[in-house]
Amino acid sequence: MNEPFGKLRHQIDEVDSQLLQLLNKRAALSLEVGTIKAKGKFPILNPKREKDLVLNLERLNTGPLPNEHLRRIYREIMSSSRRLQAPLTVAYLGPKGTFSYYAGVEALGSSLDYIPQRDLESVFQAVAFGKTRLGIVPFENSLNGGVGQSMDLFLRYDVSIQAETYSRISHCLHGRTQDLESVSHIFSHPQALAQCTRWLRNTVPQAELVPTVSTGAAVELALQHPGGAVIGHVTLGSGATLRCLAQDIQDEPDNWTRFLILTRQPYAGEARDKTSLLLTLPDKPGALQRVLTIFSEAHINMTKLESRPLRFEKWKYAFFIDVQADLSVPDAQPVMDRLRDQSQSLRVLGSYTTWSA
Ligand SMILES: O=C(O)C(=O)Cc1ccccc1
């Protein structure tokens with residue numbers, strides 16, 4: 001072996017053994033924290049603390065390690081720490097390989113126990129009934145707007161938002177055929193089909209579009225058709241005998257989905273970035289305007305306002321509102337009191353941290 005190369009390798013081996021020692025030292029400390037957490041009422045998952053920790057390291061980082069790599073490495077270190085402290089189960093819209101799965105791993109790392117669910121309702125149920133500690137659900141998309149089904153499930157299940165995370169979505173068409181012309185049926189989640197509307201119309205107009213419960217569930221169905229194909233994550237076809245026929249087929253390249261991380265209990269952690277509210281209003285002129293005035297007078301920025309039909313009462317609506325403020329702190333009490341006065345019903349879905357994966 002050439003001399004300088006051998007020397008460098010030796011130095012890297014040295015650094016690795018130091019890293020190993022330090023990682024174990026960190027793991028031991030983290031286990032001690034876990035024992036304290038288990039005695040008190042501290043959450044195992046503390047997105048705010050994890051976010052601050054990484055931001056601080058990014059500030060200290062002088063390179064050449066890029067911050068993006070640092071973030072990914074720390075995501076896994078913290079994922080391992082959490083797993084050492086306590087088993088942490090995460091329900092997601094399965095099977096493995098869906099966008100929900102990858103959004104979970106991007107935010108929470110790969111050391112947690114990801115439990116696939118057959119549909120979105122089962123994710124809400126798993127969290128609401130304590131079958132899993134956490135759940136992850138798609139909530140809105142930058143091209144396609146709110147995921148109505150998730151919003152409707154918030155109306156039915158008592159769960160709380162602990163964090164939000166944004167995931168870039170790149171769609172890939174995986175098929176059984178050699179070329180695009182022979183594709184006869186395309187299976188996928190309605191969100192995926194909607195995000196690729198233009199491409200589908202222009203490129204595979206002959207194909208029948210078949211909505212499925214998830215992108216992952218589409219694979220099995222596609223395999224039953226000689227001209228079957230699925231739209232999903234770039235890795236989705238790799239386990240099955242599907243080949244990637246086209247990549248990055250979403251109507252806009254910059255396509256993002258906002259996912260919410262759910263828990264049963266409201267998160268009693270440190271200062272949070274955002275609050276989500278679910279309210280119904282009296283059927284009176286100016287009812288919504290009065291609510292909006294409360295935010296503008298308190299200089300609170302609203303980032304989302306969307307209504308969903310109440311279903312059990314026709315032509316009545318529930319409003320989903322997100323604001324860039326932590327409304328769980330004592331200082332926000334006057335705002336909450338005013339909101340309560342103006343609403344028929346008011347539920348705080350959570351005050352939480354924005355997780356940048
Ligand atoms: O079916 C999936 O893979 C999901 O996780 C739902 C979804 C579909 C398309 C974009 C984002 C989430």
Side-chain angles (χ1 to χ4, degrees), residues 89-108 110 112 114-127 132 134-154 159 161 163-175 185-200 209-223 228-240 242 244 246-262 304 306 355 357:
T89 45
V90 189
Y92 71 96
L93 175 64
K96 195 172 169 180
T98 59
F99 289 106
S100 298
Y101 172 77
Y102 284 107
V105 173
E106 270 171 35
L108 301 164
S110 52
L112 306 192
Y114 291 92
I115 317 287
Q117 307 293 318
R118 53 191 290 272
D119 51 33
L120 264 186
E121 179 155 6
S122 305
V123 178
F124 276 79
Q125 284 177 337
V127 177
T132 60
L134 302 173
I136 184 157
V137 292
F139 195 60
E140 62 180 311
N141 175 262
S142 60
L143 302 185
N144 210 33
V147 179
Q149 203 193 349
S150 290
M151 291 192 210
D152 294 344
L153 289 163
F154 269 111
V159 295
I161 305 168
E164 66 172 0
T165 182
Y166 292 78
S167 204
R168 184 172 177 264
I169 307 288
S170 167
H171 287 297
C172 194
L173 185 77
H174 307 271
H185 292 78
I186 299 178
F187 301 85
S188 199
H189 188 275
Q191 278 284 324
L193 294 172
Q195 288 161 29
C196 305
T197 307
R198 232 176 24 232
W199 186 88
L200 289 167
L209 307 179
V210 189
T212 56
V213 75
S214 75
T215 56
V219 174
E220 227 171 276
L221 295 164
L223 290 173
V230 302
I231 295 177
H233 192 271
V234 65
T235 62
L236 193 62
S238 54
L242 299 176
C244 181
Q247 227 170 318
D248 246 348
I249 61 169
Q250 62 279 7
D251 287 341
E252 295 296 333
D254 206 23
N255 179 31
W256 290 79
T257 294
R258 174 184 176 212
F259 288 86
L260 301 178
I261 295 172
L262 309 178
K304 180 186 174 74
E306 195 161 344
W355 207 313

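Both ligands and their constituent atoms are indexed starting at 1 by order of listing.
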Check: Which residue owns the protein heavy atom closest to atom 5 (O) of ligand 1, what's the atom, and how far is it?
Finding: Ser100 OG, 2.6 Å
Check: Can you name the closest pair of heavy atoms from Pro138 and Thr257 and give their distance?
Finding: CB-CG2, 4.0 Å
Notebook entry, point to check: Among side-chain atoms of Asp248 and Gln250, is any donor-acceptor pair under 3.5 angstrom?
Noted result: yes
Check: Any idea which atoms of ligand 1 are less than 4.0 Å away from a heavy-atom of Gln191?
Finding: 8 (C), 9 (C)
Next item on the list: Measure the acute angle between the ring planes of Tyr102 and His233, then classify it against the limits of 30° and 60° as parallel, tilted or perpendicular.
Entry: parallel
Check: CD of Glu164 to CD1 of Ile261: how many Å apart, nearest 0.5 Å?
Finding: 9.5 Å
Check: Polar-atom distance check: His171 versus ligand 1, any N or O pair below 3.5 Å?
Finding: no
Check: Do any nitrogen or oxygen atoms of His189 lie less than 3.5 angstrom from nitrogen or oxygen atoms of ligand 1?
Finding: no
Margin query: For atom 11 (C) of ligand 1, what's the nearest protein heavy-atom neighbour? Residue, atom name and distance, please.
Written below: Thr257 OG1, 3.8 Å
Next item on the list: Around atom 1 (O) of ligand 1, find the nearest protein heavy atom and jot down its residue, atom name and distance.
Entry: Thr215 N, 2.7 Å
Checklist line | Test item: Thr215 side-chain N/O and Gly232 main-chain N/O as donor-acceptor pair under 3.5 Å | finding: no
Check: If you measure from atom 12 (C) of ligand 1 to every heavy atom of Phe99, Phe139, Trp256, which option wins on shortest distance?
Finding: Phe99
Next item on the list: Using side-chain contact (heavy atoms from CB on, under 4.5 Å) as the criterion, list what pairs up with Pro95, not counting sequence neighbours.
Entry: Thr98, Ser214
Check: What atoms of ligand 1 come closer than 4.0 angstrom to any heavy atom of Thr98?
Finding: 2 (C), 3 (O), 5 (O)
Next item on the list: Below 4.0 angstrom from a heavy atom of Ser214, which ligand 1 atoms are there? Numbered from 1 as shown, please.
Entry: 1 (O)
Margin query: The test is side-chain contact (heavy atoms from CB on, under 4.5 Å); show your working for Ser122 and Asp119 and say whether it passes.
Written below: CA-CA 5 Å; Ser122 305; Asp119 51 33; 2.5 Å; yes
